[in-house]
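One structure is given here, and the rest of the page talks about it.
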Amino acid sequence: MENQKLFSVSSKDYRENIKTRNRAEKIFNIVLLFAVLFGLFMLSVLIIDIAIEGHAWVRSELFTNYHSRKPENAGMKSAIAGSLIVISMTGLFSFPVGVGAAIYLEEYAPKNKLTDFINLNINNLSGVPSIVYGMLGLVVFGRMFGLFSEGSWLVDFFKIPIESGATGGWQFNLFGIPWLEIHLPFGRSMVAGAMTMSLLILPVIIIASREAIRAVPPSIREGGYALGTTKWHITRTLVLPIAFPGILTGMILSLSRAIGETAPLIIMGAFTYVPFLPKSVWDQFTAIPIQIYNWITLPQAEYRVHLAAAGIIVLLGVLFIMNGIAVYLRRKFEIKW
Amino acid sequence: MLKNQTSSLLFFKNPTKVRNFREKLIAMILFGCGIFSILVTIGIIFSLFSEAIGFFLRPEVNLITFFTGTTWRPLASKVSPDNFGVLPLILGTMMIAVISGAIAIPLGLGSAIFLSEYASDRVRGVLKPLLEILAGIPTVVYGYFALSFITPILKSVLEDGLGIKVSFFNAFSASVVVGIMIIPIIASISEDAMRAVPRSLREGAYALGATKFEVSTKVVVPAALSGIISAFIIGISRAIGETMAVTIAAGATPRMTLNPLDSVQTMTAFIVQVSFGDAPSGSINGQSIFAVGATLFLMTFIMNIISSIILKKFREVYD
């Protein structure tokens with residue numbers, strides 16, 4: 001009798017309990033929906049705000065003129081050119097090393113402490129703030145530790161001819177070929193900017209390429225081994241062609257991250273006002289986000305509000321196209337095993 | 001036919017030695033690519049700390065007053081150790097990190113629970129990429145948004161409505177946009193952790209009569225807690241390293257204040273300010289950014305290490 005009383009629940013209590021729990025469920029539902037929609041709401045507000053402020057200022061002058069003292073004449077021609085060239089060079093530099101590292105880690109690396117360390121290290125690098133990469137680039141590429149400035153031991157020892165001035169340093173043609181001009185240190189050139197950006201996106205490229213390579217089923221490789229061929233032959237002729245669309249998608253997405261990066265280029269010393277198109281990769285440059293930042297900091301509302309928003313529309317447009325290509329490639333070449 | 005034959009003949013003529021040599025060479029090149037990332041880390045540490053040490057060896061600065069001093073006036077005409085106290089920059093950075101975390105942690109976790117537990121595959125397939133756009137928008141755009149949209153709203157609500165003074169550059173509007181920016185980071189890492197919780201755990205709880213709310217908060221979230229906490233830490237560490245939005249919206253006045261409606265300066269904003277001022281290499285200002293940068297790097301580095309330790313050590317393994 002005692003026992004029965006202990007475990008029995010009156011139907012009123014039971015109904016009450018169910019009611020409160022269902023109410024909690026409903027409230028939680030609303031809270032979660034709010035959480036998801038808040039982010040999306042902010043995204044749409046941001047886009048609408050920029051569209052309203054900037055749409056009238058996206059006009060041909062924006063693409064054909066340089067920055068000007070008159071807002072109605074101001075454009076960002078040199079910034080667009082600078083961004084496109086720097087990003088292409090970033091792709092050229094980072095692709096071989098990033099994909100090579102991904103192939104090594106997926107196909108070649110033995111299971112040992114060193115491999116674990118490399119993995120840990122890549123994860124950590126992807127969390128390093130972009131501004132820190134800018135400082136790395138400034139010291140290593142921009143100044144090259146001061147090795148090529150007047151009075152350094154290297155210059156004194158080898159009697160390197162050093163030019164003074166802002167674009168100073170050691171200039172020579174590699175193997176005497178006229179178009180293979182080299183400047184040491186890289187200074188504020190596009191080469192220095194692109195190298196810095198390459199280091200910045202390297203962890204992202206490695207992680208994305210590894211995923212693409214890992215998605216190739218082992219049976220493909222085993223088929224190759226059964227024919228008696230070598231590891232590199234299998235990697236080159238079987239694994240990489242299958243993984244290539246995935247690698248390319250990751251590559252485009254990381255480059256689209258790089259194109260919006262501002263801080264590292266500012267630290268590298270990219271200029272805010274460049275009234276000419278670059279003639280060589282050793283020229284100084286500016287980039288779209290730097291031009292936008294420059295306009296935001298100017299006092300007149302035409303620059304601060306409208307031209308900045310117009311620049312942002314161009315930047316977001318470029319990002320949209322790049323991401324669209326990436327999504328298209330992923331859809332088109334997706335293979336389900 | 002003929003071409004096939006010659007190529008196969010060549011293959012057999014090719015001595016194994018050549019083939020093995022080529023294989024080894026390629027393996028070495030790939031190994032070089034693999035350890036390149038370690039070189040990058042060494043490069044970061046070397047370049048930051050060699051310049052920072054040069055800064056601390058100057059007679060005008062002092063390592064102890066750098067980390068304990070409450071005045072940051074590196075551009076003052078009188079250079080003295082009293083003007084190089086990094087605490088105002090750290091306080092500004094931490095204030096923005098804390099406020100943006102307070103915004104992004106509940107929203108990110110809520111989004112993660114919704115995407116992992118509530119949304120159907122179709123809804124998730126639409127919402128998740130949309131949410132991830134937030135993480136892909138360049139930070140300079142967020143800075144513009146803070147200045148042209150959030151700050152005017154704050155001013156009209158707080159200053160005109162309630163009479164609370166709001167500076168044009170203020171920490172709060174920067175924190176709001178940084179918070180929006182890190183929502184998808186927190187959401188996506190937490191969601192991955194929640195989806196890794198095995199189905200059987202949820203089904204066990206449903207069999208006992210639990211509601212979805214109870215399953216989510218009492219089964220799934222505790223089971224995925226290590227992943228969720230490491231997501232929080234990664235999100236906060238992103239906020240600490242955030243540069244452009246904070247530089248644009250939070251201002252450039254290093255000061256010891258806890259009022260988020262005041263203008264502050266973060267570590268990253270100081271680095272940008274000096275870089276624009278074109279401080280020559282070797283000058284005290286040119287070197288001071290490396291001391292600040294090394295401090296920033298250490299802070300984010302320690303947080304990233306802690307998050308990966310939490311992820312590894314405290315993960316509940318079910319299968």
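Please read these numbers as outputs of a predicted model, since none were measured by experiment. In what follows, every chain begins at residue 1, and chains take the letters A, B, ... in the order their sequences are listed. Values reported hereafter were calculated over all heavy atoms of this structure, with side chains retained and with hydrogens, waters and symmetry mates removed.
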With a 4.5 angstrom heavy-atom cut-off, is it the side chain or the backbone of A:Leu253 that approaches chain B, or both, or neither? neither

Got a sec: does the CZ of B:Phe168 have more than 12 other heavy atoms crowding it under 6.0 Å? yes

What part of A:Asn22 gets within 4.5 angstrom of chain B, counting heavy atoms only: side chain, backbone, both, or neither? side chain

Minimum heavy-atom separation for A:Gly127 to B:Ser237, with atom names? O-OG, 4.4 Å

To the nearest 0.5 Å, what is the distance between CD (A:Glu53) and OG (B:Ser148)? 6.0 Å

Would you say that more than 12 heavy atoms from the other residues, nucleotides or ligands in this model lie under 6.0 Å from the CZ of A:Phe41, or not? no

In the structure I gave you, are the side-chain heavy atoms of B:Met181 and A:Met42 within less than 4.5 Å of one another anywhere? no

Quick check on side chain to side chain contact (heavy atoms under 4.5 Å, CB included): which of B:Ile180, B:Leu134, B:Ile183 does A:Leu43 satisfy it with? B:Leu134

Honestly, the part of A:Ser126 sitting under 4.5 Å from a heavy atom of chain B is backbone

What's the shortest heavy-atom distance between A:Thr262 and B:Met244, and which atoms? CB-CG, 3.4 Å

Is there side-chain contact between B:Ile26 and A:Thr235, with heavy atoms separated by less than 4.5 Å? no

The interface call for A:Tyr293 against chain B, heavy-atom contacts under 4.5 Å, is both

CZ of A:Arg23 to OG1 of B:Thr211: how many Å apart, nearest 0.5 Å? 13.0 Å

What part of B:Thr247 is in contact with chain A, defined as an atom under 4.5 angstrom from a non-hydrogen atom: side chain, backbone, both or neither? side chain

What about A:Phe145 and B:Phe46, are their ring centers closer than 6.0 Å? yes

Max heavy-atom pairs within cutoff under 4.5 Å with chain A, candidates B:Tyr144, B:Phe301, B:Phe114, B:Phe297, goes to B:Tyr144

Interatomic distance, CD1@B:Ile271 vs CD1@A:Ile131, rounded to 0.5 Å, equals 4.0 Å

Do B:Leu127 and A:Leu40 pass the side-chain contact (heavy atoms from CB on, under 4.5 Å) test, and can you show the C-alpha distance, the side-chain angles, and the key distance before you say yes or no? CA-CA 9 Å; B:Leu127 282 183; A:Leu40 300 183; 3.3 Å; yes

Chain A contact via B:Thr268 - which portion, at a heavy-atom distance below 4.5 Å: both

Region of A:Pro96 in contact with chain B, defined by heavy-atom distances below 4.5 Å: backbone

Interface moiety of A:Ala109 toward chain B, non-hydrogen atoms closer than 4.5 Å: neither

Looking at chain A, which one of B:Ile29, B:Ile234, B:Ile305, B:Ile137 has the largest number of heavy-atom pairs inside 4.5 Å, strictly under? B:Ile305

Using a cut-off of under 4.5 Å on heavy-atom pairs, state which of A:Val140, A:Asn29, A:Val97, A:Leu46 scores highest against chain B. A:Leu46

Below 4.5 Å, heavy-atom pairs only: which of A:Asn323, A:Asn121, A:Val139 has the largest tally toward chain B? A:Asn121

Between the side chains of B:Glu23 and A:Lys231, is the shortest nitrogen-to-carboxylate-oxygen separation below 4.0 Å, so that they form an ion pair? no

Answer key: most heavy-atom pairs under 4.5 Å with chain A among B:Thr139, B:Leu115, B:Leu130 is B:Leu130

Donor-acceptor pair, distance only, cut-off 3.5 Å: does the side chain of A:Glu25 make one with the backbone of B:Lys212? yes

Any A:Val132 side-chain heavy atom under 4.5 Å of B:Leu48 side chain: yes

Taking the side chain as every heavy atom from C-beta outward, state whether A:Ile266 and B:Phe276 have any atom pair closer than 4.5 Å. yes

Proximity breakdown for B:Ser307 and chain A, heavy-atom pairs closer than 4.5 Å: neither

Intermediate values then yes/no, side-chain contact (heavy atoms from CB on, under 4.5 Å), B:Ile44 and A:Leu199: CA-CA 10 Å; B:Ile44 290 176; A:Leu199 299 187; over 6 Å; no

Could you tell me how the ring of A:Phe28 sits relative to the ring of B:Phe213: parallel (under 30°), tilted (30 to 60°) or perpendicular (over 60°)? tilted

The test is salt bridge (charged side-chain N to carboxylate O under 4.0 Å, His left out); show your working for B:Glu214 and A:Arg21 and say whether it passes. CA-CA 9 Å; B:Glu214 288 157 352; A:Arg21 288 168 64 202; 2.8 Å; yes

Under 4.5 Å, counting heavy-atom pairs only, tell me which of A:Ile27, A:Val327, A:Ile290, A:Leu136 racks up the most with chain B. A:Leu136

Student check: side-chain heavy atoms of B:Leu107 and A:Phe34 closer than 4.5 Å: yes

Looking at B:Tyr142, B:Phe36, B:Phe290, which one has more heavy-atom pairs under 4.5 Å with chain A than the rest? B:Phe290

Against chain B, work out which of A:Leu316, A:Leu105, A:Ile206, A:Val305 has the most heavy-atom pairs shorter than 4.5 Å and name it. A:Val305

Could you tell me if B:Ser308 and A:Asn123 have a donor-acceptor pair between their side chains, going purely by distance under 3.5 Å? no

Who among A:Val31, A:Val45, A:Val99 has the most heavy-atom pairs with chain B under 4.5 Å? A:Val45

Between B:Ile45, B:Thr41, B:Asn20, which has the largest tally of heavy atom pairs under 4.5 Å with chain A? B:Thr41

May I ask you to test the A:Pro129-B:Ile240 pair for a side-chain heavy-atom distance under 4.5 Å? no

Does a side-chain heavy-atom distance below 4.5 Å link A:Leu319 with B:Pro138? yes

Just so I understand: if I count every heavy-atom pair under 4.5 Å between each of B:Pro184, B:Gly241, B:Cys33 and chain A, which residue has the most? B:Cys33

Exercise: identify the closest heavy-atom pair between A:Ile267 and B:Ser275: CD1-OG, 3.3 Å

Chain B contact via A:Asn124 - which portion, at a heavy-atom distance below 4.5 Å: both

Please report the closest heavy-atom contact between B:Thr243 and A:Ala263, naming both atoms and the distance. CG2-CB, 3.7 Å

At their closest point, which heavy atom of A:Ile296 faces which heavy atom of B:Val140, and how far apart are they? CD1-O, 4.1 Å

Side chains of A:Phe117 and B:Ile38: closer than 4.5 Å at any heavy-atom pair? yes

